[in-house]
Amino acid sequence: MKVLIVDDSKIARMGVIKSLKEIQPEAELFQATNGLEAVELFKKEKPDVVFLDLTMPVMDGYEALKKIIEIDKEAQVIVVSADIQSEAKHRVLVAGAKNMYPKPINKEIMTHIFEQDLLL
Ligand SMILES: [Mg+2]
């Protein structure tokens, strides 16, 4: 399984990777630091799952989500953001994200994501 982790914060990426490795130790990981890199890596690697931050330089997560869904409407994108307003969640769900969670993602939330949100 290929997983793309997108966040401009290295600490935030490491947090996702830490909990992900506890659940999916065999996953092949790719990282991007902004939306543009994320879209390019999505095209190239066709990851099974994308963890996507919203607030990033160059291209934000909303724009990246839109482009990823344009490339593959079945893309499985989980938004992970400090912005926990219900408006933000509504917006990303309408745009095609599978779900949205506040930072940080722990092992329990990661387990829930793989059991409830994703089709793998
Ligand atoms: Mg950010």
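Ligands are counted one by one from 1 in listed order, and the atoms in each one are counted from 1 as well.
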Next on the checklist: Less than 3.5 Å apart, any donor N or O on the side chain of Tyr101 or Asn106 sitting next to an acceptor on the other?
Outcome noted: no

Next on the checklist: the Mg ion (ligand 1) and Asp7: any N/O/S contact shorter than 2.8 Å?
Outcome noted: no

Checklist outcome for this item: Looking at Asp8, the N/O/S atom that lies nearest to the Mg ion (ligand 1) is called OD1

Checklist entry - Looking at Asp53, which of its N, O or S atoms is the nearest one to the Mg ion (ligand 1)? => result OD2

Next on the checklist: Check this for me: does any side-chain nitrogen of one of Asp53 and Lys103 sit under 4.0 Å from a carboxylate oxygen of the other?
Outcome noted: yes

Next on the checklist: With a cut-off of 2.8 Å, does Thr55 put an N/O/S atom close enough to the Mg ion (ligand 1)?
Outcome noted: yes

Item to check | Greater than 12 external heavy atoms within 6.0 Å of Ile11's CD1 | outcome: no

Next on the checklist: Salt bridge check, Glu63 against Lys67: does any charged N sit closer than 4.0 Å to a carboxylate O?
Outcome noted: yes

